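To start, the structure under review is shown below, and the notes come after it.
Just so it is clear: chains get the letters A, B, ... in the order the sequence lines come, proteins before strands, and each one is counted from 1. Because the structure is predicted, anything quoted here is derived from the model rather than measured. Computation of the quantities below employed the complete heavy-atom set of this structure, encompassing side-chain atoms and omitting hydrogens, waters and symmetry-equivalent molecules.
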Protein chains: 2
Amino acid sequence: MPDLSIDVVAKAAGVHRSTVSRAFSRPEAVKSETREHILKVAEGLGYTMSPLAQALRRKTSNIIPLIVPDITNPFFAELAKTMTQAADERGYQLMLCVTNGDPAKSDGYFTAMQAMYAPFGIVAPSTKVDTEALKRFAFGHKVVVIDRVEGDDSVPTVTVDSRKGIMLALDHLHSLGHTSIGYVSGIAGTHTAQDRMDAYLELTAQSGSTPVVLDSGSDLDAGTRGAEHFLEMDNPPTAIIAANDMVAFAVISALGRSGLRVPEDVSVIGFDGLALGARFNPPLTTVRQPIADMGHIAIELAEKQNVDGSVDHIVLEPELLVRGSTSEPRK
Amino acid sequence: MPDLSIDVVAKAAGVHRSTVSRAFSRPEAVKSETREHILKVAEGLGYTMSPLAQALRRKTSNIIPLIVPDITNPFFAELAKTMTQAADERGYQLMLCVTNGDPAKSDGYFTAMQAMYAPFGIVAPSTKVDTEALKRFAFGHKVVVIDRVEGDDSVPTVTVDSRKGIMLALDHLHSLGHTSIGYVSGIAGTHTAQDRMDAYLELTAQSGSTPVVLDSGSDLDAGTRGAEHFLEMDNPPTAIIAANDMVAFAVISALGRSGLRVPEDVSVIGFDGLALGARFNPPLTTVRQPIADMGHIAIELAEKQNVDGSVDHIVLEPELLVRGSTSEPRK
DNA sequence: AGTGTTATTGCAACCGATCTCAGCAACCGA
DNA sequence: TCGGTTGCTGAGATCGGTTGCAATAACACT
């Protein structure tokens, strides 16, 4: 197929390059008949504009990076899924960047995206975000973070209300009759993870019970260790809150290997609301984060910041999702 | 920060644009002292070349698309993960494209990637690949498919030996003492899915038993339906082979909801070897696909085709991963 | 010394768009 | 009828590189 450039379309339509350009990217600046003619000709030739050339000249592209630590983690996968959709609803191309938790790689992606003239980026961190580091990059001021950040209001964020979520979990368990409720912390070392734990500690204390933190690690084995710890206790809690669904899976799996059944022997509740949870054994009761909303909102925030410079911090409401991993305490 | 272009570096180093260009992209064409000097100056300025401008002129970029139907499916997530790594080991930028099974979107990605001058692409399909459709695109001849294709040897492929995998599963189950073994088919409508089923049918018949296909759908609910079907049987099999891990999860979950336990009441074996399986309840016995290898090989095949035009079809060996979801048949 | 390589570097066109500026025609009011 | 707008289109520079070709210098050989 012959190389299709704006010039061949221009020639075919009998107008100048610049008119073709305008016909596409600034329709109101071209007489409507001319424009329609051009569009028809272009259509006939099967022409589309080169995003590269466009980006080069305009110094802004339509590709936006989503930086996640681990796509293998279903939370990020679901986030990526909804964000892809949200992005191309608005004409963006989402570029998924997986750091594997390596900050150096993260930096690399940033510079790459800068070079690609990405208009902004979305970061789902695995650690507490260093806003200073963010700002070393040209579009540091054009990043929205899917987590809370500390001491710096200049970067937009989206989160769910951790405290509210933990409260939902606690209330659910209480209403089932549980009074001793343990906690296993999450995978990521984010503010969000911290907040959930803090909320657990605080709310438990408030209700007059003693908090039982079974594990406070932030790696993939937190669940397994939490379960081990649980098994060693003389007087273990009757229910466990896991800081996120993946950890809940691990907890249930480890418990299961030791012959304990959920929810008959222990109740376990997660936090995330992964679709996967519905197909777990047993189906996981959990606190749902509105992941789809987070994706859309992240993009909206970025766009909003781009136009009026406003920096928002959106906190979404979690929701209880009762499935099969919680029940009344044994006996 | 001042706009960094090749010209400012050139000026700073006291040489011509073209020399700077060569210093970076064709080092042997520049006297080594000159080159070192230029590199030093560039370094000092914090200069990096614009991939956009490069791609535009060279008509080839370093971004390569990986097209998957659903990133939420851990198989594709793991594939994406290893491919990201494989890609940037070789200096490529992986661009993850999620189609949600929509062929139109898939087409869109192709044209976009073409416009970005991607040197080749990788497709992990969710249906039998239509090689004709692939070829409508400029780099249709530069695509490697992670599945078998039919009647067209002109596109490189990577797969694992389905028959061998099913054999592994069957042998494992036989050696445990199972004689009646059911099958629930997979999520995707790929050749691979078909091959697994065919292998099951054939090998079961060969061993003198009657195949029991519990469900042959290719959607997410195959597992659930398979389990229902199982529960309705008068004389159900003592073990179930699931066409992939996700289905196995669903089967076990559905069985569990009806009070059946795995592996005590039924053995279930999956196919994929997802990391997630190790944290399932019970940990899933499965046939492992060497996903990491597949990623690397896919890229190698593409590169190889790019240089010498060769088209290979690699078939990898699966491997049995015995965990906790299989045991001797009850009684 | 004269001539034929070979190694380096500069020149300038080019990739495919965008965008400012200028030109031109039609239209308006006085 | 004439200066002033307004609407539309063409020219040409520009974005940040690459690359074929020409120019120059250095070196080898007869």
Side-chain angles (χ1 to χ4, degrees), chain A residues 1-39 41-42 45-63 111-119 138, chain B residues 1-39 41-42 45-63 111-119 138:
Chain A
M1 96 195 55
D3 261 16
L4 243 35
S5 83
I6 198 172
D7 283 299
V8 341
V9 178
K11 202 155 303 163
V15 297
H16 190 265
R17 256 193 355 287
S18 43
T19 307
V20 177
S21 170
R22 282 187 282 252
F24 279 93
S25 27
R26 215 138 37 76
E28 74 287 359
V30 159
K31 191 171 23 161
S32 64
E33 326 164 28
T34 321
R35 185 168 52 81
E36 274 164 32
H37 174 224
I38 293 178
L39 261 28
V41 171
L45 263 42
Y47 166 81
T48 28
M49 290 220 156
S50 157
L52 254 60
Q54 265 184 177
L56 178 58
R57 189 60 233 257
R58 289 181 170 164
K59 284 174 172 305
T60 170
S61 71
N62 74 335
I63 108 159
T111 56
M113 290 310 115
Q114 239 185 105
M116 298 263 221
Y117 297 115
Chain B
M1 93 192 62
D3 261 14
L4 242 34
S5 82
I6 199 173
D7 283 300
V8 341
V9 178
K11 203 154 303 163
V15 296
H16 191 265
R17 257 204 332 304
S18 47
T19 307
V20 177
S21 170
R22 283 187 280 253
F24 279 94
S25 26
R26 214 136 40 76
E28 74 285 0
V30 155
K31 196 178 10 170
S32 63
E33 327 165 26
T34 322
R35 184 168 52 81
E36 274 164 31
H37 174 227
I38 294 178
L39 261 28
V41 171
L45 264 43
Y47 166 82
T48 28
M49 290 220 157
S50 158
L52 254 60
Q54 271 186 169
L56 180 58
R57 186 60 231 257
R58 289 181 169 163
K59 285 176 172 302
T60 170
S61 71
N62 74 334
I63 108 159
T111 57
M113 289 310 114
Q114 239 185 106
M116 297 264 221
Y117 297 116

Check against side-chain contact (heavy atoms from CB on, under 4.5 Å), B:Lys11 and B:Asp7: CA-CA 6 Å; B:Lys11 203 154 303 163; B:Asp7 283 300; 5.5 Å; no
Whole-Å distance separating the [atom1] atom of [X] from the [atom2] atom of [N]:
{"X": "B:Arg26", "N": "C:dA7", "atom1": "CZ", "atom2": "P", "result": "14 Å"}
{"X": "A:Leu45", "N": "C:dG16", "atom1": "CG", "atom2": "P", "result": "14 Å"}
{"X": "A:Ile38", "N": "C:dT18", "atom1": "CD1", "atom2": "C1'", "result": "15 Å"}
{"X": "B:Glu28", "N": "C:dT8", "atom1": "CD", "atom2": "P", "result": "10 Å"}
{"X": "A:Leu52", "N": "C:dT18", "atom1": "CG", "atom2": "P", "result": "13 Å"}
{"X": "A:Asp7", "N": "C:dA13", "atom1": "CG", "atom2": "C1'", "result": "14 Å"}
{"X": "A:Lys31", "N": "D:dG10", "atom1": "NZ", "atom2": "P", "result": "11 Å"}
{"X": "A:Leu4", "N": "C:dG16", "atom1": "CG", "atom2": "P", "result": "10 Å"}

For a quick check, tell me whether the side chain of B:Arg58 and the base of D:dT18 share a donor-acceptor pair closer than 3.5 Å.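 It does not, because no donor-acceptor pair links the side chain of B:Arg58 to the base of D:dT18 below 3.5 Å.
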Donor/acceptor link under 3.5 angstrom from A:Arg22 side chain onto base of D:dG10: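 Under the 3.5 Å cut-off, the side chain and the base do form a donor-acceptor pair.
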Measure from the side chain of [X], starting at C-beta and using heavy atoms only, and say which of [options] lies closest.
{"X": "B:Thr19", "options": "D:dT18, D:dG16, C:dG10", "result": "C:dG10"}
{"X": "A:Arg57", "options": "D:dG17, D:dT14, C:dT9", "result": "D:dT14"}
{"X": "A:Leu56", "options": "D:dG10, C:dG16, D:dG17", "result": "C:dG16"}
{"X": "B:Ile6", "options": "D:dG17, C:dA17, D:dG16", "result": "D:dG17"}

Applying side-chain contact (heavy atoms from CB on, under 4.5 Å), run through B:Ile63 and A:Met116 and close with a yes or a no. CA-CA 11 Å; B:Ile63 108 159; A:Met116 298 263 221; 4.0 Å; yes
Would you say [X] places a side-chain N or O within less than 4.0 Å of OP1 or OP2 belonging to [N]?
{"X": "B:Gln54", "N": "D:dG16", "answer": "no"}
{"X": "A:Tyr117", "N": "C:dT18", "answer": "no"}
{"X": "B:Ser21", "N": "D:dT18", "answer": "yes"}
{"X": "B:Lys59", "N": "D:dT18", "answer": "no"}
{"X": "B:Ser25", "N": "D:dG17", "answer": "no"}

Which pair of non-hydrogen atoms, one from A:Gly46 and one from A:Leu4, has the smallest distance, and what is that distance?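 Reported closest heavy-atom pair: O-CD2, 3.5 Å.
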Least distance between heavy atoms, B:Leu56 atom then A:Leu52 atom: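 Scanning both residues completely, I find the closest heavy atoms to be N-CD2, 3.7 Å.
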Counting N and O atoms only, with roles assigned by atom type, does the side chain of [X] sit under 3.5 Å from a partner on the main chain of [Y], one being a donor and the other an acceptor?
{"X": "A:Ser25", "Y": "A:Ser21", "answer": "yes"}
{"X": "B:Ser61", "Y": "B:Ala55", "answer": "no"}
{"X": "A:Thr60", "Y": "A:Pro119", "answer": "no"}

Is [X] touching bases, backbone alone, or none of the nucleic acid, heavy atoms closer than 4.0 Å?
{"X": "A:Val30", "result": "sugar-phosphate"}
{"X": "B:Thr60", "result": "nothing"}
{"X": "B:Phe24", "result": "nothing"}
{"X": "B:Ala29", "result": "base"}

Find the partner of C:dC28: check Watson-Crick (N1-N3 plus N6-O4 or O6-N4) and G-U wobble (N1-O2, O6-N3) distances, both under 3.5 Å, and reply none if neither fits.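 Across all strands, the one nucleotide that pairs with C:dC28 is D:dG3.
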Could you identify the nucleotide paired to D:dA25, looking across every strand shown and requiring Watson-Crick or G-U wobble geometry with both distances under 3.5 Å?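 Its partner is C:dT6.
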Intermediate values then yes/no, side-chain contact (heavy atoms from CB on, under 4.5 Å), A:Leu39 and A:Phe24: CA-CA 8 Å; A:Leu39 261 28; A:Phe24 279 93; 4.1 Å; yes
I'd like to know whether A:Tyr47 forms a side-chain contact (heavy atoms from CB on, under 4.5 Å) with A:Met49, so could you lay out the CA-CA distance, the side-chain angles of the two residues, the decisive distance to 0.1 Å, and finally the verdict. CA-CA 7 Å; A:Tyr47 166 81; A:Met49 290 220 156; 3.5 Å; yes
Taking only heavy atoms on the protein side, list every residue of residues 10-18 of chain A lying under 4.0 Å from any atom of DNA chain C, sorted numerically.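 Contacts with DNA chain C under 4.0 Å: A:Arg17, A:Ser18.
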